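Notes for the one structure printed next.
One-based numbering, in listed order, for ligands and for the atoms of each. Since the structure is predicted, the reported quantities are computational estimates derived from the model, not experimental observations.
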Amino acid sequence: MHSDDLGVDLERILVDEEALNRRIVELAAQVDADYAGRDLILVGVLKGAVMLMADLSRAMKHPLEMDWMAVSSYGSGTTSSGVVRIIKDLDRDITGKHVLVVEDILDSGLTLSWLLRNLNSRGPASVEVLTMLRKPEAVRVAVTPAYVGFDIPNEFVVGYGLDYAEKYRNLRVVATLAPHVYS
Ligand code: PRP
């Protein structure tokens with residue numbers, strides 16, 4: 001889905017396709033260099049990270065492994081509560097492995113801080129985070145990702161994996177929606 005396909009539902013493009021692609025190539029090269037000679041598992045957090053995992057992993061030269069987790073945050077529709085439940089766990093043991101968690105967005109930090117505690121309790125060699133988007137003004141729990149694509153303002157955004165009511169994940173850009181979409 002292109003931004004034009006949104007028509008009047010589009011408010012503003014925050015990150016366009018070219019900027020996303022360029023940044024992914026940069027991040028992939030950094031991760032390749034940092035993990036050279038080490039076994040690496042990319043852990044994608046469903047569902048938002050699907051697009052990023054697909055693009056990042058294919059931009060990398062490293063013969064990495066991929067695994068997935070699905071977690072659910074209890075809370076209102078647009079904010080996390082910090083109470084997290086595992087819907088789908090990793091398929092493989094990560095003891096002694098280098099893990100890079102791949103996320104579409106770091107918002108309040110509640111999901112990732114819980115996830116990092118959970119993964120670190122399994123005895124991995126290391127756990128780091130790569131997030132495509134970060135909202136510095138929304139942070140409630142400090143999480144320090146090793147890799148950040150873009151810092152964005154504290155606005156509700158969709159696209160590149162991010163949804164509103166499960167829609168717009170397939171939008172090729174990161175954008176805000178016009179107010180009438182929510183009413
Ligand atoms: C989103 C996103 C992160 C989390 C970030 O997931 O993918 O996991 O929220 O928010 P936080 O920093 O405030 O915890 P969501 O729960 O919307 O699930 P989804 O990926 O399936 O859309």
Backbone, side chain, both or neither: what part of [X] comes under 4.0 angstrom of ligand 1, heavy atoms only?
{"X": "Leu46", "answer": "backbone"}
{"X": "Arg169", "answer": "side chain"}
{"X": "Glu103", "answer": "side chain"}
{"X": "Thr111", "answer": "both"}

Indicate yes or no: does an N/O atom of Ile105 lie under 3.5 Å from an N/O atom of ligand 1?
no
Point-to-point distance, once rounded to the nearest 0.5 Å, from CD1 of Ile41 to NE2 of His98:
10.0 Å
Spatial distance of atom CG (Leu56) from atom CZ (Arg23) [nearest 0.5 Å]
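Reported value, rounded in 0.5 Å steps: 11.0 Å.
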At a 4.0 Å threshold, what atoms of ligand 1 neighbour a non-hydrogen atom of [X]?
{"X": "Asp104", "value": "2 (C), 7 (O)"}
{"X": "Gly48", "value": "19 (P), 20 (O)"}
{"X": "Ser108", "value": "11 (P), 12 (O), 13 (O), 14 (O)"}
{"X": "Lys47", "value": "19 (P), 20 (O), 21 (O)"}
{"X": "Asp163", "value": "22 (O)"}

Under a 3.5 Å distance rule, please check whether Asn118 uses its side chain to pair with a backbone N or O of Trp114 as donor and acceptor.
no
Tyr168 versus Asp9: any side-chain heavy-atom pair under 4.5 Å?
yes
Do the side chains of Arg172 and Leu20 get nearer than 4.5 Å, heavy atoms only?
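Of all side-chain heavy-atom pairs linking Arg172 with Leu20, none is under 4.5 Å.
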Measuring from non-hydrogen atoms of Leu112 to any atom of ligand 1, is the shortest distance under 4.0 Å?
no
Classify the angle between the aromatic ring planes of Phe156 and Tyr182 as parallel (below 30°), tilted (30 to 60°) or perpendicular (above 60°).
perpendicular
Test salt bridge (charged side-chain N to carboxylate O under 4.0 Å, His left out) on Glu18 and Arg22; report intermediate values, then the result.
CA-CA 6 Å; Glu18 196 193 326; Arg22 208 181 321 119; 3.4 Å; yes
Considering all heavy atoms of both residues, which atom of Thr131 and which atom of Leu106 are nearest to each other, and what is their separation?
OG1-N, 3.4 Å
